[in-house]
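The sequence lines fix the lettering, A, B, ..., with proteins before strands; numbering per chain opens at 1.
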Protein chains: 2
Amino acid sequence: MRDTPTVAARGPITRPAPLRQAVYEALVELIINGSLKPGQHLVEAELAEHLGVSRQPVREALQRLQTDGWVDLRPAQGAFVHSPTEEEATQLLSVRAVLETHSARGAALHATEQDVARLWELQEAGIAALAADDARGIVEANAALHGFITELSRNKVLAELIPQVDRRVRWYYMPIAKPRGKDAWNEHAQLIEAIAEGDADRSEELMRCHTQHTTDFYSRQIAAATAQRS
Amino acid sequence: MRDTPTVAARGPITRPAPLRQAVYEALVELIINGSLKPGQHLVEAELAEHLGVSRQPVREALQRLQTDGWVDLRPAQGAFVHSPTEEEATQLLSVRAVLETHSARGAALHATEQDVARLWELQEAGIAALAADDARGIVEANAALHGFITELSRNKVLAELIPQVDRRVRWYYMPIAKPRGKDAWNEHAQLIEAIAEGDADRSEELMRCHTQHTTDFYSRQIAAATAQRS
DNA sequence: GCGCAGCAGATTGCATACGAAAACCTGTAT
DNA sequence: ATACAGGTTTTCGTATGCAATCTGCTGCGC
C-alpha cells in the first residue's frame with residue numbers, strides 16, 4: 001500500500017499511551033481543580049464508571065497517585081484524597097528548595113550558550129507576562145524557567161523528583177497564593193548570569209536565596225489567609 | 001463470644017498487608033541479590049507463577065517498582081530490570097547527599113535529649129561492629145543512624161524520599177563497595193554533638209562534609225573497579 | 001546473498017465476572 | 001445510651017477472555 005508508514009516514522013513514535021496514565025492525569029486534574037476534595041473516599045467502581053473504563057486501570061492509577069502523594073491508600077479500605085496540612089506544605093517547600101538549589105549548581109556546570117539563550121527567552125516571556133499582569137502566564141513562565149534549569153542540571157534523578165514535589169507544592173499553594181512579581185524576576189536574571197558564567201557556587205547561592213524568598217513570601221500569605229479565617 | 005477483640009486493639013493493628021506489597025518486596029529482593037539481572041525482561045505470567053499469585057498483584061507491584069526506579073516499564077512490551085549506569089549512580093549519590101544534609105539541619109532543630117541518647121546508642125553499635133570487623137553490621141548500623149537522623153528531621157517528605165534514593169544507591173554500590181570505616185564514625189560523632197547542641201548550621205555543614213567524603217570514597221572505588229575491568 | 005513483506009507466536013493491556021474477607025452501617029434488644 | 005447482630009458495601013485477589021502490538025522467523029523477489 002502506498003501509505004505504508006514504513007519504518008521512517010517521524011519523531012517520537014506514537015506509542016499507544018497506556019490508559020492507566022490517562023486515568024492518572026485525569027484524577028490529578030480532578031484533585032487539583034477541586035472536584036475531588038481532600039479526605040474524600042474514592043470508590044474504584046465509581047471512578048471507573050465516571051471515566052468510562054474498567055476498574056483495573058483505575059486501580060493502577062491509584063497506586064501511582066499514592067506514591068506521588070495525591071491520595072492515601074488504606075489497606076482494605078481504599079483510596080482517600082490526601083489532606084495536605086500546612087506543616088506538610090512547608091516541608092514540601094523546603095525540600096523543593098534544596099533540590100532546586102542543587103539543580104542550579106548542575107545547570108551552571110552544564111549549560112551551553114544555546115541553553116543560556118533559551119533561558120533568556122523564558123525570562124523575557126516572564127517579564128512580558130508580568131507587564132501584561134497575566135497571572136497565569138507568570139506562573140507558567142516561572143514553571144518553564146525553573147523546569148528548564150532542572151533539565152540543564154542533566155541529572156535524571158532531580159528531573160524525576162523535582163516535578164513530583166513541585167506539583168504537590170503548587171496544589172497546596174495555588175488556590176491562595178499570587179505570583180511574587182518583579183523581585184523574583186530580578187533574581188532570575190542574576191541567576192541566569194551566574195549560570196552563563198558557569199559559576200556553580202554563585203548559581204547555587206543565588207538559587208538558595210531565591211527559593212528562600214519564595215518560601216518566606218508564601219509563608220506570609222498562608223499566615224495571612226489563616227489569620228483571616230480565624 | 002469471649003475472645004471478641006473489642007475495639008481496644010493495640011498498636012499498629014496487623015492490617016492484612018496487601019499482597020502487591022509482598023510481591024514488591026520479593027521482587028526488590030530478587031533484583032538486589034542478583035536473581036533478576038539488569039536488562040532482563042520480566043514476564044508477568046512467569047513472575048505470577050513463580051510467586052504463586054495471579055497477574056494483577058504482579059502488575060501493581062511492577063508499577064511501583066517503576067516509580068521507584070527498579071524497573072523500566074516500556075508500553076506494550078513489559079518490564080525490564082533497570083540497568084543503572086555509573087552516571088546515574090553518581091547523580092543518586094549527589095541527590096541523597098543534599099537531602100541528608102537538609103535532614104541534618106532538621107534533626108538539630110527537633111532532637112530531644114532522648115533522641116540524642118538514641119543516636120549515641122546507634123553510634124556505639126556502629127563502633128562495636130567496626131571493632132568486630134563485621135561488614136554487614138557496619139552497613140546496618142550506618143543505615144540505622146542515618147535513618148534515625150532522617151526521622152528526627154520530622155519532615156515526612158524527606159522521610160519518603162531519602163529511603164527511596166538510598167535503596168537505589170545501595171543497590172548500585174553494594175556489590176563493589178566496602179564500608180568506609182573509622183573516619184566515617186568519627187564524623188558521625190561530631191555530627192551527633194552538633195545535633196545535641198541544636199546547632200543547625202554546624203550540623204548541616206558536618207553532614208555536607210560527611211556525605212562528600214562518602215561520595216569521594218565510593219567514586220574512587222568505582223574508578224578502581226572500572227580500571228580493573230578494562 | 002540481501003532486503004523486505006508477511007505471517008505466527010508471545011505478551012501486554014484492558015474488560016469482565018466472581019468469591020472471600022474486611023470494614024462500615026443500621027436496627028434492635030438490653 | 002450501649003453493645004451486639006446482621007446485612008451492605010467495598011476492597012482485594014483470582015480467573016478468564018480478547019484485541020492490539022511487538023518480536024522473530026520464514027520465504028519470496030531482486
Separation of atom CG in L73(B) from atom C1' in dT12(C), rounded to whole Å:
10 Å
CG of L42(A) versus P of dT10(D): gap in Å, rounded?
12 Å
I'd like to know if the side chain of S153(B) pairs up with that of H102(B) as donor and acceptor (distance under 3.5 Å, no hydrogens or angles considered).
no
Rounded to whole Å, CZ of R20(A) lies from P of dT12(C) at a distance of 11 Å
Without decimals, in angstroms, what is the distance between L19(A) CG and dC18(D) P?
20 Å
Without decimals, in angstroms, what is the distance between Q40(A) CD and dT10(D) C1'?
15 Å
If you draw a 6.0 Å radius around NE2 in H50(A), do more than 12 non-hydrogen atoms from other residues or ligands fall strictly inside?
no
W171(A) and I31(A), any side-chain heavy atoms less than 4.5 Å apart:
yes
Looking only at dC22(D), dA23(C), dA15(C), the nucleotide nearest the Q77(B) side chain is dC22(D)
Please list, in numerical order, the residues of residues 48-68 of chain B that have a heavy atom closer than 4.0 Å to any atom of DNA chain C.
R55(B), R59(B)
If you count every heavy atom of other residues, nucleotides or ligands that lies below 6.0 Å from Q40(B) atom CD, does the total exceed 12?
yes
Would you say the rings of H146(A) and H210(A) are close, in the sense that their centroids are separated by under 6.0 Å?
yes
Roughly how many Å is it from CZ in R74(A) to P in dC12(D), rounded to a whole number?
12 Å
Enclosure of E160(B) CD (heavy-atom neighbours >12, cutoff 6.0 Å)
yes
Tell me which nucleotide among dT21(D), dA22(C), dC14(C) gets nearest to the side chain of P18(A).
dC14(C)
Measure from OH on Y24(B) to C1' on dC12(D) and round the result to the nearest Å.
20 Å
